[in-house]
Amino acid sequence: QTKKKNSTYAHCTVHPSRVEFCTFSKSQLQINYSTLQNMTNVSPPQCGLVALQASCLSLDVLSMIEELFRSDADLNLSYIEGPSIRLLEEISHPEQKAAIREFVERFKKAKHKIKKSRPGYFRGVCQKYWKQNREHKKVELLRRASVHTATPGDSHNGGSGGGGGHNHSRSRRGNNLSKLIAEAIELLFTPASGLETSIIDESIERRLTQLSDEQGIEALYEFCSAVMYRQERIRNMNAYLMNIIT
């Protein structure tokens, strides 16, 4: 590829049986990331500014990240990797900002103490806020479960007692899970936690329907806390969860 005086470029394409030349202007060389990705099947960036811009985070959160990370020469946007972004996307707007501020403040005070992975340190702060978010939702789930339990005529498997039974979600395998258990699964088995809903197989579903909502919620939260980001260390996730709920 050679530059010509009129700001166009000459391009030579070599084929086994022929050589082809074509020229194109400087503007024709400009190509955006999406086009390049489609042409080369390159995976999206896993960290840094481009990954942040491709996320669901709001513009003011992105602006805050950029501003705070400029406040220290040792702070680098590459510390913000995919897992951290997914954690941030699943918490509230104020929690997102609080997590970012906490990381920056901690980093400035004790960056010399971060001996291992700085991206891992940032993820740890995000994970703390994600867990706090889920714990707040757990309180509400348990409150609703206790109200259902105290309601006369309630039954875990539903019934015709004047509409007093639980609402149920029909699972993919046909077993009935209570609405509250289904909500707990939806809260915990997410892209951020890395937990796949396939872990909850037919035998797990059957066992969950035998527990009270309070017991099921507590068990699912215990499981999530125990295995989140440690999946590779656990040989059989289904058996691990079954051991908790049995």
Side-chain angles (χ1 to χ4, degrees), residues 43-47 51 54-56 79-92 95-96 99 116-145 148 156-157 166-246:
S43 298
Q46 296 300 308
C47 65
S55 73
C56 298
Y79 301 163
I80 306 178
E81 297 181 335
S84 299
I85 293 174
R86 289 191 288 274
L87 287 163
L88 289 172
E89 287 176 331
E90 293 184 9
I91 60 179
S92 69
E95 289 168 328
Q96 292 170 355
K116 296 183 179 180
S117 167
R118 289 180 174 182
Y121 192 86
F122 182 76
R123 190 189 71 184
V125 175
C126 295
Q127 186 175 349
K128 167 191 167 183
Y129 279 85
W130 187 91
K131 286 188 172 182
Q132 288 179 354
N133 175 282
R134 269 28 185 193
E135 283 297 322
H136 292 151
K137 295 178 188 297
K138 175 186 174 183
V139 170
E140 175 60 17
L141 287 174
L142 290 174
R143 184 196 67 77
R144 289 164 57 196
H148 286 156
H156 186 79
N157 292 320
H166 290 284
N167 292 322
H168 289 77
S169 297
R170 179 68 64 177
S171 76
R172 64 191 179 282
R173 293 185 176 86
N175 291 325
N176 283 326
L177 291 175
S178 77
K179 181 179 179 181
L180 292 176
I181 294 296
E183 286 184 33
I185 292 170
E186 186 176 352
L187 283 171
L188 300 174
F189 290 70
T190 68
S193 71
L195 297 176
E196 299 285 345
T197 55
S198 59
I199 295 169
I200 304 177
D201 59 15
E202 189 173 358
S203 61
I204 298 286
E205 289 180 346
R206 189 182 307 112
R207 177 55 183 156
L208 284 171
T209 62
Q210 296 169 357
L211 301 176
S212 68
D213 280 342
E214 293 95 329
Q215 291 172 327
I217 292 166
E218 291 284 5
L220 289 168
Y221 268 81
E222 180 184 344
F223 172 74
C224 179
S225 178
V227 305
M228 188 171 174
Y229 290 125
R230 294 205 292 269
Q231 291 94 321
E232 71 283 352
R233 302 179 188 176
I234 299 172
R235 183 176 301 175
N236 190 321
M237 297 286 282
N238 303 74
Y240 194 98
L241 176 53
M242 181 60 79
N243 185 58
I244 290 176
I245 64 178
T246 299

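Predicted, not measured: the structure shown is a model, and the values here were computed from it.
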Here the pair of heavy atoms bringing Leu195 nearest to Val227 is CD2-CG2, 3.5 Å
Enumerate the residue pairs fulfilling salt bridge (Lys or Arg N to Asp or Glu O under 4.0 Å) with a member in residues 218-246, sequence neighbours excluded, ordered by first and then second residue. Lys138-Glu218
Could you pull out the closest heavy-atom pair between Ala192 and Tyr229, with the gap in Å? O-OH, 2.8 Å
Taking all heavy atoms of Trp130 and all of Leu188, pick out the closest pair and write down the distance. CH2-O, 4.2 Å
Quick one: CZ on Arg134 to CD on Gln127, what's the gap to the nearest 0.5 Å? 12.0 Å
Which residues satisfy the side-chain hydrogen bond (donor to acceptor under 3.5 Å, both in side chains) test with Ser92, sequence neighbours excluded? Glu95
Donor-acceptor contacts under 3.5 Å from residues 238-246 side chains, at least two apart:
residue : atom : partner : partner atom : Å
Asn238  : ND2  : Ile199  : O            : 2.5
Asn238  : ND2  : Asp201  : OD2          : 3.3
Thr246  : OG1  : Met242  : O            : 2.5

Can you tell me how far CG of Leu220 sits from CD1 of Ile204, rounded to the nearest 0.5 angstrom? 9.0 Å
Contacts satisfying salt bridge (Lys or Arg N to Asp or Glu O under 4.0 Å) that involve residues 122-131 (not counting sequence neighbours) are Glu102-Lys128
Show me the donor-acceptor pairs within less than 3.5 Å that the side chains of residues 79-88 make with the rest of the protein, sequence neighbours left out.
residue : atom : partner : partner atom : Å
Tyr79   : OH   : Asp74   : O            : 2.8
Tyr79   : OH   : Arg118  : NH1          : 3.0

Check whether any side-chain heavy atom of His136 sits under 4.5 Å from a side-chain heavy atom of Val139, and report yes or no. no
Those residues that, when tested against Gln231, pass side-chain hydrogen bond (donor to acceptor under 3.5 Å, both in side chains) (two or more places apart): none
Output all residues satisfying ring-ring contact (aromatic ring centres under 6.0 Å, His included) with Phe122, sequence neighbours left out; order by chain, then residue number. Phe103
What residues form a side-chain hydrogen bond (donor to acceptor under 3.5 Å, both in side chains) with Arg143, not counting sequence neighbours? Glu140
Residue pairs fulfilling side chain to side chain donor-acceptor pair (under 3.5 Å) with at least one residue in residues 182-196, sequence neighbours excluded: Glu90-Thr190, Arg144-Glu183
Straight-line distance of Phe223 CZ to Ile185 CD1, nearest 0.5 Å: 11.0 Å
Just how far is it from atom CG of Leu187 to atom CG of Leu141, taken to the nearest 0.5 Å? 6.0 Å
For Glu135 and Tyr221, which heavy atoms make the closest approach, and how far apart are they? OE2-CD2, 3.8 Å
Minimum-distance pair of heavy atoms, taken over all atoms of Ile217 and Ile181: N-CD1, 3.7 Å
